[in-house]
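Everything below concerns the one structure shown next.
Read the numbers this way: they start at 1 and go in the same order the structure lists the ligands and their atoms.
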Amino acid sequence: MFLTISTTGSPERPATDLGFLLHKHPGKTQAFSTSHGTAHVFYPEATAQLCTAALLLEVDPVALVRRGQGKGRGGAPDAALAQYVNDRPYAASSLLAVALSGVFRSALKGRCTARPELAEQARPLRVEIPVLPARGGPELVHRLFDPLGWDLVQAEPVPLDERFPEWGDSRYVRLVLEGELKLADALRQLYVLLPVLDDAKHYWVAPDEVDKLLRAGDGWLAAHPENALISSRYLARHKRLTQDALERLELVRLAEADGSEVEELDNAVDENCDTQERPVPLAVHRRDAILAALRAAGAARVLDLGCGQGQLVQALLRDPAYTEIVGMDVSVRALNLAAKRLRLERMGERQSTRVRLLQGSLAYTDKRLAGYDAAVLSEVIEHLDPERLPALEYAVFGSARPRTVLVTTPNVEYNVRWESLPAGHVRHGDHRFEWTRAEFRAWAGEVARRHGYGVEFVPVGDDDPEVGPPTQMAFFTAADHTDHTDHSTRTGRTDGTDRTPKEGEAA
Ligand code: SAH
């Protein structure tokens with residue numbers, strides 16, 4: 001694995017400044033041990049006019065030594081290396097990206113300790129990777145790099161074997177990029193796009209991979225026309241993580257478009273259950289609609305049943321109006337992630353008295369759930385087998401019996417509007433059913449009748465004139481409840497919904 005970065009310069013702006021930018025002295029050859037082998041950094045050329053830094057990742061030292069690589073080969077190390085990489089397709093470029101981020105960590109972050117001003121400047125750069133695994137070929141290389149401000153993007157297919165051109169091309173290309181960019185921007189693009197082209201990630205894809213992707217994609221990924229493909233491949237095609245990334249990128253893009261603060265928006269959204277959604281933040285609409293409905297109901301003590309990874313619990317915690325928040329889920333894994341997200345371990349005493357996570361199943365009555373103002377079931381019912389629904393119905397409306405119950409579920413009629421969803425498919429592999437608006441209304445109406453609740457329906461997301469909204473919400477209010485709510489809260493904006501609960505609906 002081999003990559004070179006070159007820059008040109010003049011006596012006033014010497015090319016050897018590259019050494020400051022990379023935090024690696026041009027006069028030295030340095031070796032770093034990485035989790036996949038040894039990374040060497042050296043400068044084949046270092047003058048004021050032209051300076052080239054090379055990163056060589058030695059994945060399999062024995063093989064390299066056999067080929068004489070260890071002795072140093074002067075000017076053209078790539079020929080032998082091309083052979084080496086071709087011989088070993090498993091030694092893929094995602095490893096090079098990992099090495100890049102380890103060895104050039106500060107440069108990637110845009111920090112230059114010795115000469116801070118250098119990091120801020122774009123300069124003429126030339127990046128060359130003689131042998132780059134590229135699933136999707138030169139065409140995809142162009143789709144990925146062309147929008148990123150390079151003057152030249154060259155991707156030449158590497159033949160399988162030069163002696164036998166009739167064998168055709170390998171899955172490798174020789175990549176050359178030239179243009180005037182900040183070094184940090186170039187490195188962050190490579191850090192993301194090398195594994196994307198490789199499409200065979202060699203390390204575990206953890207939930208914080210999304211954060212890494214967003215950090216490395218800062219300033220270029222949100223508006224990139226291929227951001228869906230990039231996110232999906234970078235995250236090893238993990239659907240939930242990809243969707244999380246796309247929703248967050250969409251918010252970044254919107255924020256970039258109207259110049260507002262990205263940070264705040266960025267924290268507001270996370271993941272949700274539908275995996276086939278367009279990159280519009282439907283999860284955000286849903287959370288806003290739920291928060292508005294809870295506010296309108298004047299709830300202070302709230303259950304989030306089937307809380308998943310705790311995004312709603314987190315949003316509720318930010319609002320002091322909620323004095324007691326309980327997240328319940330059947331999945332221990334989801335609860336562990338929720339605890340991590342909320343930083344339960346490190347939470348101050350005052351906050352921690354407001355929140356609790358419980359493991360439990362909605363298919364059983366549970367005394368711990370009695371006596372709350374409101375219960376939310378956001379994208380949960382469709383995860384239960386239909387024959388378990390009566391049990392859920394009794395556990396929530398018969399036994400726990402909060403004053404307000406909010407239930408959201410996908411509207412299956414809307415599925416024809418999801419571009420990527422083949423006809424007749426549900427949005428998530430774990431959905432046991434998806435209902436039309438009429439089916440949801442029929443179920444909710446019966447539940448309300450049997451348990452003495454009133455119910456109204458709230459569209460969430462873009463309410464299509466033909467097929468309705470992507471998400472449907474039922475807003476139940478117990479009929480036996482005496483309304484102590486401050487009615488001034490009932491006129492609040494209900495984001496993503498067209499409903500403000502009416503006076504006296506609970507009577
Ligand atoms: N409410 C979250 C998560 C929805 S995903 C959101 O809106 O994003 C559905 C969640 O329901 C999953 O976390 C799943 O573990 C949980 N779930 C499924 N069946 C359940 C049951 N019988 N009891 C409690 N939780 C259940």
Side-chain angles (χ1 to χ4, degrees), residues 207 210 238-244 246-248 268-277 280-294 302-317 325-342 355-369 372 374-397 399-400 405-411 426-435 458 460-461 469-474 496:
V210 175
H238 190 298
K239 282 189 181 162
R240 274 205 185 195
L241 296 182
T242 303
Q243 198 199 344
D244 184 13
L246 286 175
E247 287 185 349
R248 288 170 61 181
V269 241
D270 290 288
E271 203 174 342
N272 78 92
C273 247
D274 302 341
T275 52
Q276 294 283 351
E277 288 171 5
V280 295
L282 178 57
V284 182
H285 280 306
R286 192 154 45 222
R287 216 154 301 145
D288 286 349
I290 291 168
L291 292 173
L294 288 174
V302 178
L303 298 166
D304 182 8
L305 304 175
C307 63
Q309 300 177 19
Q311 293 92 336
L312 178 65
V313 171
Q314 189 176 37
L316 292 169
L317 262 175
I325 306 152
V326 174
M328 187 185 97
D329 205 285
V330 74
S331 155
V332 175
R333 196 177 151 265
L335 290 171
N336 283 338
L337 291 168
K340 236 188 229 168
R341 171 189 302 273
L342 300 168
V355 61
R356 241 169 342 129
L357 296 179
L358 303 177
Q359 202 226 342
S361 170
L362 286 162
Y364 302 96
T365 56
D366 188 334
K367 290 209 179 69
R368 296 174 299 177
L369 306 184
Y372 285 83
V376 178
L377 291 99
S378 166
E379 309 297 282
V380 173
I381 56 169
E382 65 276 9
H383 289 266
L384 274 84
D385 289 324
E387 52 289 4
R388 310 292 283 173
L389 281 182
L392 171 140
E393 176 189 330
Y394 183 72
V396 176
F397 295 88
S399 165
V405 182
L406 304 174
V407 178
T408 78
T409 194
N411 163 24
V426 295
R427 295 181 203 174
H428 186 283
D430 191 45
H431 287 181
R432 309 300 158 90
F433 59 87
E434 284 179 357
W435 277 336
V458 183
V460 180
T471 299
Q472 38 188 349
M473 177 157 86

Checklist entry - Between C307 and D329, what is the shortest heavy-atom contact and its length? => result N-OD2, 3.3 Å

Checklist outcome for this item: Applying side chain to side chain donor-acceptor pair (under 3.5 Å) to T408 and not counting sequence neighbours gives E379

Mind checking whether [X] has an N or O less than 3.5 Å away from an N or O of ligand 1?
{"X": "L384", "result": "no"}
{"X": "S378", "result": "yes"}
{"X": "D329", "result": "yes"}

Checklist entry - Considering the options L303, L316, V302, which one meets the side chain to side chain contact (heavy atoms under 4.5 Å, CB included) requirement together with V376? => result V302

Which atoms of ligand 1 are found less than 4.0 Å from any heavy atom of [X]?
{"X": "H383", "result": "5 (S), 9 (C), 18 (C)"}
{"X": "S331", "result": "15 (O)"}
{"X": "E379", "result": "4 (C), 5 (S), 9 (C)"}
{"X": "G360", "result": "23 (N), 24 (C)"}
{"X": "G306", "result": "1 (N), 2 (C), 3 (C), 10 (C), 11 (O), 25 (N)"}

Item to check | Any residue meeting side-chain contact (heavy atoms from CB on, under 4.5 Å) with P386, in chain and number order, not counting sequence neighbours | outcome: R432, F433

Checklist entry - So, the side chain of H238 versus the backbone of L241: is there a donor-acceptor pair under 3.5 Å, distance only? => result yes

Checklist entry - Passes side-chain contact (heavy atoms from CB on, under 4.5 Å), V330 versus H383? Steps please. => result CA-CA 11 Å; V330 74; H383 289 266; over 6 Å; no

